[in-house]
Every structure is written in C-alpha cells, then in structure tokens.
There are 2 protein chains.
Amino acid sequence: MAAKPVSRAAAKPAPGREALLPVLAEIFREHGFEGASLALIGERTGLGKGSLYHFFPGGKAEMAASVLDAIDAWFTQAMFRPLREDPDPAAAVRAMFAATDAYFRSGRRVCLVGVFALGAARDRFGARIDAYFAAWRDALADALVRAGAEEPLARDLAEDAVSTIQGALVTASALQDPALFGRALARLSARLEPVLAGAAARRPLASSFQSPTSAL
Amino acid sequence: MAAKPVSRAAAKPAPGREALLPVLAEIFREHGFEGASLALIGERTGLGKGSLYHFFPGGKAEMAASVLDAIDAWFTQAMFRPLREDPDPAAAVRAMFAATDAYFRSGRRVCLVGVFALGAARDRFGARIDAYFAAWRDALADALVRAGAEEPLARDLAEDAVSTIQGALVTASALQDPALFGRALARLSARLEPVLAGAAARRPLASSFQSPTSAL
DNA sequence: TGATCTCTGTACCGATCGGTACAGAGGTCG
DNA sequence: CGACCTCTGTACCGATCGGTACAGAGATCA
C-alpha cells in the first residue's frame, strides 16, 4: 500500500479529488463496479490514468470506497443526524422524505449502494453497504421512537421505509417510470403519518429543516 | 447470425439447453451481466466454450435473453396466469405470496430482472425487463379488481406490491438478513388482506392453488 | 462397417481489462 | 534562475475479455 511514503502530513486533501467524487458516483451508479472501466472513467472525468492514479493510488477499488464514504458522510449530515437530533422528530422525518426525493432526483436516479448490494461488489464493500442501510434504518427508528412510537413498531416502520425506497428505485428504473418513485414515497409517508401526527398532538409547535441537495 | 443454415427444423430444442438455464440464471443473478464471464460460466456449467456456443450461438447475450425468457415463462404459468384466471382471486393472491417466498428462497436469493434493471444491462434487455415487471403488476391488479377492489386502488396496491418485493430483496441482500424478506412480505400481505377479506365476504367458498417451486 | 450428426475441448484471435512506469508540463517559491 | 512539487499524458505490461475455428469424440443408424 504505502509504496511511496509521503513526507508531508498524509491528511492533506488534494483539491481536485473531492470534485471528482460526484462524477465517479454517477459512473458507478450507471454501470456498477465491474461495468465502470477505467477507460470510461477517464473519458467521463476528462482525466488520464496518470491523474486518476495520482488521486486514487488504490485504483478503482479506492475510487469506489471513497465514493461510498462520501455518500455515507452526506447522508449522515443531511438525514441521519437530523433524524437523531432534531428536537422535532416528526419534522425531521418529513424533511427526510423531501431530501430523499431530491437526492434520487424524483426516481430518475438509482441508489449506488443498492446497485453494489445486488452485485458481486457486495463482497468487496460489504461492511460499508451494511453500515449505510443499517444507519438509515436505525436513525429513522430513533426518530419514530422519539415521536412517540413503541420500539417494535418504530423498528418495523423504519425497516419498511428503507426497503420501500430501494424497491421504488428498482422498479422505477425497470419500468422507466420515475413518477413511480413519488407514488411509493407518498404511500410510505401515509404509513408513517399516524406516528408523526401523534407526535404533533403531543408537542405544541416547532422546528423545520431545509431539504438539502447533493451532487453525490 | 445464420452462418450455418441448419438442415433440420430450427425448432429442435437441444436436450441439455433447458437444463443449463437454471445454472446460467444463478450465475447472472450473482454476478450481473458484465460480471458473468465466459470463464466463470464454463466453470460453473462444467462446459467448454465449444458446448456453450453450440447451445447459444449468440453468446452471452443469447444466454441472458434465454434466461430472462425462461423466467418470464415460469412466472407467467406459476403466478400471472393464476392471478388472471383463478376463479378465486383472493386465493391466487395468497398463492402468489407463497410462490414468491419460495422462488426467492425466503430472501436468500436475489431477483435477476432487478439486477439487470439497475445495471447497464438495462439498455440491452430493456423490453424484457419492462415486460416482466409490468406483467406482474398488471396480473396482480387484475386479481385485486376481481376480488372487489376499485381499479385505482387495485393498480396502486399492485404497484406497491412489486415494488415492495424488489426493495425487500435489495435490503435483505445488503444487510445480509434474509429474514427481512419475510417481514416485508408479511407487511405487504397485511396491506392487501382487507381487499382479499372483502372478496371472501362476498363469495361463499372456493379453490386453492398449490405453490410451485422453480430451479430458475 | 462406414456415413452422419450432435456435442465437446483446445488453440487461437484482436480488443480491452486494471495497473504501472515514467518523463515532463506547469506552477510555486527560495 | 534553479529546486521542488503537483499533476498529467503516454507507452506499456500481463491477464482476461467475448468470440471463432476446427478437429475430433461418441452416439446413431443404414
């Protein structure tokens, strides 16, 4: 790994590297890990192998791992943390729906982690894939409990939610029908709403949380 | 294509070909289209390229297309047709759940069509992928209408069902938790049950339909 | 037996795969 | 200016890719 021990602090974040991640994410999303050839990556990023291997000495595997990390970081700050910490959990859940719709481009985009989960890339990135889905499910369950749901119900609804979102992405892509995603989100929202409404009945007034957008 | 015009009727079904399809299906399921190399296929089938190209002159693409056709044929006879024709639509829907659980090995198996739908293989096999999901959705909607549901509700529930099943397969695979699939099926069943129970209240007694298993 | 046909293994093809090596372009700074 | 360092393009590597060609093994049947 450390073939060339760097003299400067290893923590130095190369400037172009971060900007590369969204492009790489899009490529992996569309072609999967094995389908994303270095030729394609070079073409889409406009970079030669020299630059690519300069930023990612570990090659394709490091690119994919970095992208997964970046995605996880974005979801953590934009969704998981609010779900766990927003004083108004119901608002955080509703913001999650908005953010989810925005992130997946209303069904026109597919979930990279889901793509990896289905393919042989699961073996390589299993820990990260597992962590992503588990974090989403657990953060949502936490919010639902804070909104007043019983633990088992909250866990059930949370599992239902992440599963439903993934399924909507698969079928929307399969049927070339992005609108399907919105319909699935609406159904899911209706399933959670009773819990959220219960929370509203319990607390007087609160909060908000703007829905962020990401290029990842 | 027809480099060697066969003297005998072209419709002759080679004996070993059919037996190959389940193995090929499993390989494509686990590795996706681009991930399933001919070397791997040869190894898993125990056949050399000679035999492979004898049975599938069109190469990998023909193998995948044949597998998709076989899967569609199996689902049609085991699920879609009963959903449309069983005199007791509620029983057909319940049989569909049992067949789905059996087919996907209670969440230990992934959906080939879903795998293809997410990857770049979508472009190659788009028509077949679309047809598979649409047929499932429409057949189920038909059964629900026959069970007494209003058209819009039936269509909504049917879309919900196929989407939910796919999502459960993705997350079960991602979290390495096959039991998740069963829980998702149970939730889905509970969502459909009111319609089915309504049908039971309307008609006196009827039917059955054994849940078949498939190697595909 | 010999002709015929289905099936199979092997050798081989050009293209592409992921990855490495390296020379240097172009900037910054002493 | 020259030393240094980040970034880049290109040439090249062995391995593997999907696909083709073909000689026969083995069964069938006249």
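Throughout, a chain's letter reflects where its sequence line sits, starting with A, and its residues are numbered from 1.
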message: Whole angstroms only, please: what is the CG-P distance between B:Leu52 and D:dC17?
response: 13 Å

Whole-Å gap separating C1' (D:dG19) and CD (B:Glu62): 13 Å

- line: The ring pair (Phe, Tyr, Trp, His ring centres under 6.0 Å) partners of B:Phe97 (sequence neighbours excluded) come to none

Integer-rounded Å distance: C:dG18 C1' and A:Met63 CE: 10 Å

field: Partners passing side chain to side chain donor-acceptor pair (under 3.5 Å) against B:Glu62 (at least two apart in sequence or in another chain)
entry: B:Arg17

- prompt: Quick one: B:Leu47 CG to C:dT10 P, roughly how many Å, whole number?
  reply: 12 Å

message: Under a 4.0 Å threshold between the charged nitrogen and the carboxylate oxygen, would B:Arg44 count as salt-bridged to B:Glu26?
response: no

statement: Within residues 26-40 of chain B, those residues having any heavy atom closer than 4.0 Å to DNA chain C are none

- line: Judged by nearest nucleotide, the residue sitting upstream toward the 5' end of DNA chain C, B:Gly50 or A:Lys60, is B:Gly50

- prompt: B:Arg17 CZ to C:dC7 P: how many Å, rounded?
  reply: 12 Å

- prompt: Is the A:Phe80 ring parallel, tilted or perpendicular to the A:Phe75 ring (thresholds 30°, 60°)?
  reply: tilted

- prompt: Does a nitrogen or oxygen in the side chain of A:His54 sit under 4.0 Å from OP1 or OP2 of D:dT8?
  reply: no

- line: To the nearest angstrom, the CD-C1' distance between A:Glu43 and C:dT16 comes to 14 Å

- request: Report yes or no: is the cationic atom of B:Arg109 (NZ for Lys, CZ for Arg) under 6.0 Å from the centre of the six-membered ring of B:Tyr103, at an angle within 45° of the ring normal?
  value: yes

statement: Here the distance between atom P of C:dT20 and atom CZ of A:Phe55, to the nearest Å, is 17 Å

field: Side-chain touch A:Val145/A:Arg155, heavy atoms, less than 4.5 angstrom
entry: no

Spacing of B:Lys49 atom NZ relative to D:dG18 atom C1', expressed in whole Å: 6 Å

